[in-house]
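Everything quoted here is computed from the prediction, not taken from an experiment. So that the names make sense, note that chain A is the first sequence line, chain B the second, and so on, each numbered from 1.
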Number of protein chains: 2
Amino acid sequence: MDIYNEKDKFYVAVDCIIFGFDNQKLKLLVFDRRIDPFKDSLSLIGSFVKIGESVSDAAIRILKDFTGLENVYMKELKTYGSVDRDPGYRCISVAQYALIRIDNAIKKIVEEKGARWYEIDNIPNLILDHNQMSIDALKRIEEVARYKPIGFELLPKKFTIPKLQTLYEAIYRRKFDTRNFRKKILSFDVIIKLDEKDRTTSKKGAYLYKFDYKRYRELQESGYNFEI
Amino acid sequence: MDIYNEKDKFYVAVDCIIFGFDNQKLKLLVFDRRIDPFKDSLSLIGSFVKIGESVSDAAIRILKDFTGLENVYMKELKTYGSVDRDPGYRCISVAQYALIRIDNAIKKIVEEKGARWYEIDNIPNLILDHNQMSIDALKRIEEVARYKPIGFELLPKKFTIPKLQTLYEAIYRRKFDTRNFRKKILSFDVIIKLDEKDRTTSKKGAYLYKFDYKRYRELQESGYNFEI
DNA sequence: ACAAAAGTGTTTGGAGTACACCCATGG
DNA sequence: CCATGGGTGTACTCCAAACACTTTTGT
């Protein structure tokens, strides 16, 4: 074992599966490739890891290069390592999924970069194994959302409970009962009611809340379970 | 982006975190390295992925080479990709965790290979980031065991309910109530009672059961939840 | 007969689910 | 004044958790 053989060296790529929420639907960020290989096809964003860079740093760099975003919720999904996954050269990809807030700033940035949001049940053909990555990432989000409050990563800093509910309904593709949903969310005791209302979606207006990261971490340390 | 640079090529390793259960404690399989680098240190098993081999095939090959085992429950844990994780050369490792049944055959094999089982809360110093891998894998097992019946992978084909309970107590490091545990396990309806008894641990003898993989898959397809 | 593990039921509290109406406001 | 989305309470069901004694049999 442990025989060093120069032939057995690989390109290592990072591909990012980026999800956003536009207050209605859960969406995937897809890029129109302007350069070869696969020019004019659709793909996720990705790039090779540089030899002097950690895989996670590469992921952060790639996300920033393509979207301008930093401090984004991003986690490793899994490694895609089949021999023939990329016909051009032998390359393994460490896929990462990211959750971002869609606001006007990001909207503009991504459009400039030739990107588009697609609804998750209407994803177009992507290059290589990028469709599989998207499917796997979506499944992972469903799993993770079950016991970690990742939903807040997709919402603006200030959000209303009805929006939060719409988000979870988008993730799980089913409706929740308003009263039960509120009860559950509030019972976690990790969101703080603000004195402002959001009147953009109703005349009455809905109270804005913010996520209490500090309290969340406290509860998490003590083994609390956020199962939705 | 996508600039091919021969310099940016990596060795890709697979390291396997192998857990076993000896009817009492959950244990980790650790190897005494007989070759350089790190000769005479302790480590997990691992090797480089070959250029013509998928990452998952490499994992299967490595496990077989070191333990002789095939058809083992093995899943990807995560990728370890820091720049300085291996001082010798730039190398990323795709760690995999595996669950195996400890029987006499495997006992003999692993001893011949210079391997030893260590109790999970008494793991010695391992090379590189292998201690971190073990910690991460253990945490993952706890998570997965919560909603998938992976426990059966660690037990003999025929097992008793008290043994199954001991296993879960080893994974979660806490005691369960006998009556509630039985009730829960039997309610899943995925184990089949046999006509034999195991009398090795008591005079009365405990009925042996086997896992019903077919039924398990059926239930899984229909979205059943095996939360312990 | 006794030690040691296997096996068995019931009660209780809390959480999930189902369900329908009033509120506030802008137009 | 009415249309629209926001917000609230209760009853029922079911599952998890707590809890103690009997059975079997080798020694």
task: Answer yes if the ring centres of A:F159 and A:F152 are under 6.0 angstrom apart, and no otherwise.
output: yes
Side-chain H-bond candidate by donor/acceptor type, B:T160 with B:D198, under 3.5 Å: no
query: Quick one: A:D198 CG to C:dT25 C1', roughly how many Å, whole number?
result: 14 Å
query: Below 6.0 angstrom between ring centroids: does that apply to B:Y168 and B:F176?
result: no
query: Without hydrogens or angle criteria, can the side chains of B:Y80 and B:D136 be said to hold a donor-acceptor pair below 3.5 Å?
result: yes
query: Hey, would you say the A:F188 and A:Y216 ring centroids sit under 6.0 Å apart?
result: no
query: Would you say the ring centroid of A:Y97 lies under 6.0 angstrom from that of A:F19?
result: no
Over 12 non-hydrogen atoms of neighbours within 6.0 angstrom of NZ in B:K139: no
message: Side chains of A:E76 and B:T79: any donor to acceptor distance under 3.5 Å?
response: yes
query: Under a 4.5 Å cut-off applied to non-hydrogen side-chain atoms, are A:Y209 and A:L194 in contact?
result: no
Name the pairs: protein N/O against N/O of nucleotides 22-25 of chain D, kept only if under 3.5 Å.
from	atom 1	to	atom 2	distance (Å)
D:dT23	O2	B:K204	NZ	3.0

- prompt: Does any non-hydrogen side-chain atom of A:K75 lie less than 4.5 Å from one of A:R140?
  reply: no
query: By a strict heavy-atom criterion of less than 4.0 Å, which residues belonging to residues 183-194 of chain B are in contact with DNA chain D?
result: B:K183, B:K184
task: For DNA chain D, determine which residues of residues 142-179 of chain B have any heavy atom closer than 4.0 angstrom to one of its atoms, and list them numerically.
output: B:D177, B:R179
- request: Send over the distance from A:N180 CG to C:dA15 P, rounded to a whole Å.
  value: 14 Å
